[in-house]
Amino acid sequence: MKFKRIFLLILDSLGVGEAIDANNYGDNGANTLKHIMENYDLFIPNLKKLGFTDTINMNENKEVDAYYTIARPTNTGKDSLTSHYELMGIRSTTPFKTFTEKAFPRELLEEIEIVTGKRVIGNKVVNGEVIINELGERHLSYGSLIIYTSSDSTLQVAAHEDIIPIPKLYSYCEKIRKITLGDKWRIARVIARPFNGKVGKFKFTADRCDYAVKPPEKSVMDFLKEHDYSVISIGKINDIFDGQGITKIIKSSFNNMDTLNKMTDIMSKKFTGLCVANLSDFDALYGHNRDTEGYARAIEEFDVEIPMILNKLENDDLLIITADHGNDPTFPGNAHTRENVPVIIFSRKFKEPKKMEILNSMADIAATIADNFEVEKPSIGKSFLDNLK
């Protein structure tokens, strides 16, 4: 074992340039980080010192404190599930369905009304904060379920907690999950979105709950768990994998700072194994809303936290910073973009960190984690552990 603890930090949607097959997704020219930097004077000295900005063009930079490279996506699709599957070494060749043009067909809505006994309103492709304030008053009057989707493969169900208590909303989502599992609908996640507040000032609570499909095969997290290593999930990782392969669940409010605070708390604990955290604000708040300035500020806020994160690392720890896909805020529409992802690898052990060869799959990260802990290799990915010196 080369490293006792590995921390995998996923910057949700922070891609660094179009993937080889971007044309298949209509994403030629997408580059989340580059276009943010072109539109905003980004001040991120700590990330630059790790080679983060060099991943855009794969520049040679010998004055860095970390190994840096990019990883190419190979799984089909660009939604959160297939991307996270690949990061954990799971092959996925059939994309989940999205409903970004006209939202959900009437047939599915009728099935939802039958299994829940509730009328459905909404059925839009929209930001959640927008729709709960648009339809919240009507929901209060009639108790209907507010249904909407995003550019991801999601079916989101919103309800005021005074009208539909949270346990009841969860039970409705569990029923909806059952009818959306098959090939007919093939929706990746059903998401319960409780909210509270008064008319015109409705806000989501932190009691969101994601109901994802079970992974199609074992991930590196399963293999670690089977060998009695710790696998700690912070944020939405547990929801994405439906709890599979995880030994400790740490809930967060799906907020970058909350997630980072909980990760640094864990860094003070003694364990052997893997900790995975996802910073979802980049994607949920700024990428999908095409808010370039907000995205830039979020990157700068993350940069401020880098010194504390590095200082918390012990000598036999490894930190990997990466992303799952792109979500270029300057691109048309509001969908994810098919992009390569940055891979930053830091340890106090490293003697000469530098640029690495491009990784042909995001699953190379999973293979490296498996190699380090000497467990079974996932079905895809090639370890780069021997290159870390």
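Sequence positions, counted from 1, serve as the residue numbers for this chain. Just so you know, these numbers use all the heavy atoms, side chains as well, and skip hydrogens, waters and symmetry mates.
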Atom NZ of residue position Lys218 - does it have more than 12 heavy atoms of other residues, nucleotides or ligands inside 6.0 Å? no
Rounding to 0.5 Å, atoms CD (Gln156) and OH (Tyr148) come to a distance of 4.0 Å
Are more than 12 heavy atoms, taken from residues, nucleotides or ligands other than Glu137, located less than 6.0 Å from that residue's CD atom? no
How many angstroms lie between atom OG1 of Thr53 and atom CG of Leu42, to the nearest 0.5 angstrom? 9.0 Å
Please determine whether the number of non-hydrogen atoms from other residues, nucleotides or ligands lying under 6.0 Å from atom NZ of Lys168 exceeds 12. no
Over all heavy atoms of both residues, which pair between Ile44 and Glu300 is shortest? Give the atoms and the distance, please. CG2-CA, 4.0 Å
Name the one of Ile112, Ile114, Ile187 that satisfies side chain to side chain contact (heavy atoms under 4.5 Å, CB included) with Ile179? Ile112
Considering all heavy atoms of both residues, which atom of Asn75 and which atom of Glu86 are nearest to each other, and what is their separation? N-OE1, 2.9 Å
Roughly how far apart are Ile344 CD1 and Leu11 CG, rounded to 0.5 Å? 9.0 Å
Salt bridge check: are Asp239 and Arg208 linked by an N-O gap of less than 4.0 Å? no
Any chance CD of Glu60 has more than 12 other-residue heavy atoms, nucleotides or ligands included, within less than 6.0 Å? yes
Hphob cluster co-occupancy, Met1 + Phe7, side-chain heavy atoms under 4.5 angstrom: no
Within the 4.5 Å heavy-atom criterion, are Leu181 and Arg177 side-chain neighbours or not? yes
Closer than 4.0 angstrom, basic N to acidic O: yes or no for Lys184 and Glu107? yes
Hey, could you give me the CZ/NE2 distance between Phe202 and His139, rounded to the nearest 0.5 Å? 8.0 Å
Apply ring pair (Phe, Tyr, Trp, His ring centres under 6.0 Å) to Tyr229 and list each qualifying residue two or more places apart in sequence or on a separate chain. Phe373
State plainly whether one hydrophobic cluster holds both Ile237 and Ile232, where clusters connect Ile, Leu, Val, Met, Phe, Trp and Tyr through side-chain heavy atoms under 4.5 angstrom apart. no
So does Lys214 have more than 12 non-hydrogen atoms from other groups sitting under 6.0 Å from NZ? yes
When you check the gap from the basic side-chain N to the acidic O, do Arg297 and Glu293 get nearer than 4.0 Å? yes
How many angstroms lie between atom CD1 of Ile250 and atom CD1 of Ile266, to the nearest 0.5 angstrom? 3.0 Å
Arg348 to Asn315 - nearest heavy-atom pair and separation: CD-OD1, 3.2 Å
Over 12 non-hydrogen atoms of neighbours within 6.0 angstrom of NZ in Lys354: no
Test item: Leu155 and Thr149 side chains (from C-beta on) under 4.5 Å apart, heavy atoms: no
For atom NZ of Lys251, decide whether the heavy atoms of other residues, nucleotides or ligands shown that lie under 6.0 angstrom number more than 12. no
Using the rule that two of Ile, Leu, Val, Met, Phe, Trp, Tyr join whenever any of their side-chain heavy atoms come within less than 4.5 Å, decide whether Ile321 and Met88 are in one cluster. no
Can you tell me if NZ on Lys355 sees more than 12 non-hydrogen neighbours from other groups inside 6.0 Å? yes
Which of these, Leu359, Ile358, Asp364, sits in a side chain to side chain contact (heavy atoms under 4.5 Å, CB included) with Arg72? Ile358
Decide salt bridge (charged side-chain N to carboxylate O under 4.0 Å, His left out) for Lys262 and Asp258; before the verdict, give the C-alpha distance in whole Å, the side-chain angles of both, and the deciding distance to 0.1 Å. CA-CA 6 Å; Lys262 287 175 176 173; Asp258 186 39; 3.4 Å; yes
Glu314 side, atom CD; Ser347 side, atom OG - distance, nearest 0.5 Å: 11.0 Å
Could you state whether Met362 and Met356 fall into the same hydrophobic cluster, counting links through intermediate Ile, Leu, Val, Met, Phe, Trp or Tyr residues with side-chain heavy atoms under 4.5 angstrom apart? yes
Decide whether Leu87 and Leu9 are clustered together by the hydrophobic rule: side chain heavy atoms of Ile, Leu, Val, Met, Phe, Trp, Tyr closer than 4.5 Å, transitively. no
Give the minimum heavy-atom separation between Glu357 and Thr69, together with the two atoms involved. O-OG1, 2.9 Å
